[in-house]
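Note sheet for the following structure.
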Amino acid sequence: LFGFLGGVISGRGQGENPDSLKTAIEQMPEDTTRVRALLQLSKIYLNSEAKEALPYAMLARDLSARLEYEKGSALAYKYIGNAFYLRSMYVEAMENWRQSLSYFEKLNDIAGIANIQSNIGAIYQNQGNESKALEFLFNSLRNSEQIGDQFRIASALINIGSVYQHKTATYDKAIQYYLRALPMSEKLQDNDQIGSIVLNIGEIYQVRGNIDSALYYFKKAEQAFQSTVDISSVYIDIGKVYELKKEYPIAQRYHQQAYD
């Protein structure tokens, strides 16, 4: 089951050199420019090593507090939460995201509010609290729709679908929300979202014994997740389907690819 934590990892900033940014930060005065640079450095590390992101986000938090720079505080608490979440430290992530949410609410930053609501919903989902997860996710969806943010709308729809996927009785609802998100994600050309959606739909069809439909969606996931770390799990799923179809040589080939 793939959920989608919108905003925790951003592809932007991956190509930047953290060492050169660190050198630049050392020359900066203690103002909002320094805060933004610290946040950018934290974001770079969130894409590679979450533990390294934490101290820079904390420095940005402390400087923002001294400067009374609320946007900086909102983002700093968000990135601190992101770093904890990526290390599976959910209590700490929740504490910091709630702080972030309070700042975004003060700023009336609807996009920021929607982002954090979706992330908090993901934690409640991980904890098995489906009613609280759906409360935050539907609030995130409404806020995202209010500002027409297609990425956030799709993220909320995916996460709502993944909550419903936890129970066989609500599989149809899960598919409904996934299929609402899919055309948005395709329009955005967001392969992470596309892959998450079609893989989850494929898993539902596989559990239901509809192996041809499962294979159709797993093949779409294979296209979306090419050259990513998630491709191995897709190969395993496809191999299992071919086993069910008694096409063992093809199944073996996919299982081998998963471990190559």
Side-chain angles (χ1 to χ4, degrees), residues 1-12 14 47-48 86 118 121-122 125-126 130 133-134 137 140-141 144 149-260:
L1 175 63
F2 272 61
F4 193 84
L5 201 62
V8 165
I9 301 179
S10 168
R12 291 183 292 274
Q14 285 178 305
N47 286 290
S48 56
L86 291 171
S118 184
Q125 181 182 347
N126 288 338
E130 294 180 3
L134 289 172
L137 292 171
S140 176
L141 178 59
S144 299
D149 187 328
Q150 297 299 297
F151 175 81
R152 300 283 175 223
I153 293 169
S155 297
L157 290 170
I158 293 166
N159 286 337
I160 290 168
S162 67
V163 173
Y164 285 130
Q165 189 175 347
H166 277 286
K167 293 181 180 176
T168 56
T170 52
Y171 274 173
D172 286 336
K173 278 189 174 182
I175 291 173
Q176 172 190 338
Y177 281 97
Y178 289 145
L179 291 178
R180 281 180 61 187
L182 185 56
M184 297 180 191
S185 300
E186 289 174 335
K187 188 173 181 180
L188 292 166
Q189 299 182 328
D190 189 313
N191 282 329
D192 286 336
Q193 287 191 343
I194 294 166
S196 297
I197 293 165
V198 295
L199 190 59
N200 289 348
I201 294 174
E203 288 176 355
I204 291 173
Y205 281 123
Q206 185 177 22
V207 170
R208 285 180 161 178
N210 191 335
I211 57 175
D212 288 330
S213 293
L215 184 59
Y216 170 79
Y217 282 103
F218 286 153
K219 288 282 193 177
K220 289 175 75 72
E222 182 182 11
Q223 293 175 343
F225 282 144
Q226 279 296 336
S227 304
T228 72
V229 295
D230 297 313
I231 192 64
S232 294
S233 64
V234 179
Y235 286 149
I236 291 169
D237 284 333
I238 293 174
K240 288 177 180 176
V241 172
Y242 278 116
E243 284 177 9
L244 293 170
K245 291 168 72 70
K246 302 187 187 305
E247 298 182 30
Y248 299 115
I250 302 176
Q252 178 61 33
R253 188 171 76 243
Y254 272 100
H255 285 309
Q256 186 60 48
Q257 283 181 279
Y259 296 104
D260 284 346

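Worth saying up front: this structure is predicted, and the values here are computed from it rather than measured.
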Review item, side-chain donor-acceptor pairs of residues 241-248, under 3.5 Å, at least two apart:
{"from": "Glu243", "atom 1": "OE2", "to": "His255", "atom 2": "NE2", "distance (Å)": "2.8"}
{"from": "Lys245", "atom 1": "NZ", "to": "Asp212", "atom 2": "OD1", "distance (Å)": "2.9"}

Please output the side-chain donor-acceptor pairs of residues 217-226 that fall under 3.5 Å, not counting sequence neighbours, one pair per line with the distance.
{"from": "Lys219", "atom 1": "NZ", "to": "Tyr254", "atom 2": "OH", "distance (Å)": "2.7"}

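Counting heavy atoms from C-beta on, the side chains of Asn159 and Val163 never come closer than 4.5 Å. Between Tyr205 and Ile175 there is a side-chain heavy-atom pair separated by less than 4.5 Å. With contacts defined as side-chain heavy-atom distances shorter than 4.5 Å, the pair Gln193/Ser155 qualifies. Counting only heavy atoms from C-beta outward, the side chains of Ile201 and Leu179 approach each other to under 4.5 Å.
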- [ ] Dump the intermediate steps for side chain to side chain contact (heavy atoms under 4.5 Å, CB included) on Ile236 and Tyr259, then the final yes or no.
- [x] CA-CA 9 Å; Ile236 291 169; Tyr259 296 104; 4.1 Å; yes
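The nearest pair of heavy atoms linking Tyr178 to Ile204 is CE1-CD1, 4.2 Å. Of all heavy-atom pairs spanning Ser118 and Ser140, the tightest one is CB-OG, 3.5 Å. In this structure, Ala133 and Gln125 approach most closely via the heavy-atom pair CB-N, 3.7 Å. The minimum heavy-atom distance between Ala154 and Ala181, with the atom names listed, is O-CB, 3.9 Å. Nearest heavy atom pair, residue Ala174 against residue Gln165, reads CB-N, 3.7 Å.
Taken to the nearest 0.5 Å, the CD1 atom of Ile160 stands 5.0 Å off from the CG atom of Leu141. With rounding to the nearest 0.5 angstrom, the CG atom of Leu137 is 9.5 Å from the OH atom of Tyr164. For the atom pair Asn210 CG and Leu215 CG, the distance stands at 10.5 Å (nearest 0.5 Å). In this structure, Ser185 OG and Gln150 CD are separated by 9.5 Å, a value rounded to the nearest 0.5 Å. In this structure, CG on Leu157 lies 5.5 Å from CE on Met184, to the nearest 0.5 angstrom. To the nearest 0.5 angstrom, Arg208 atom CZ is 13.5 Å from Glu203 atom CD.
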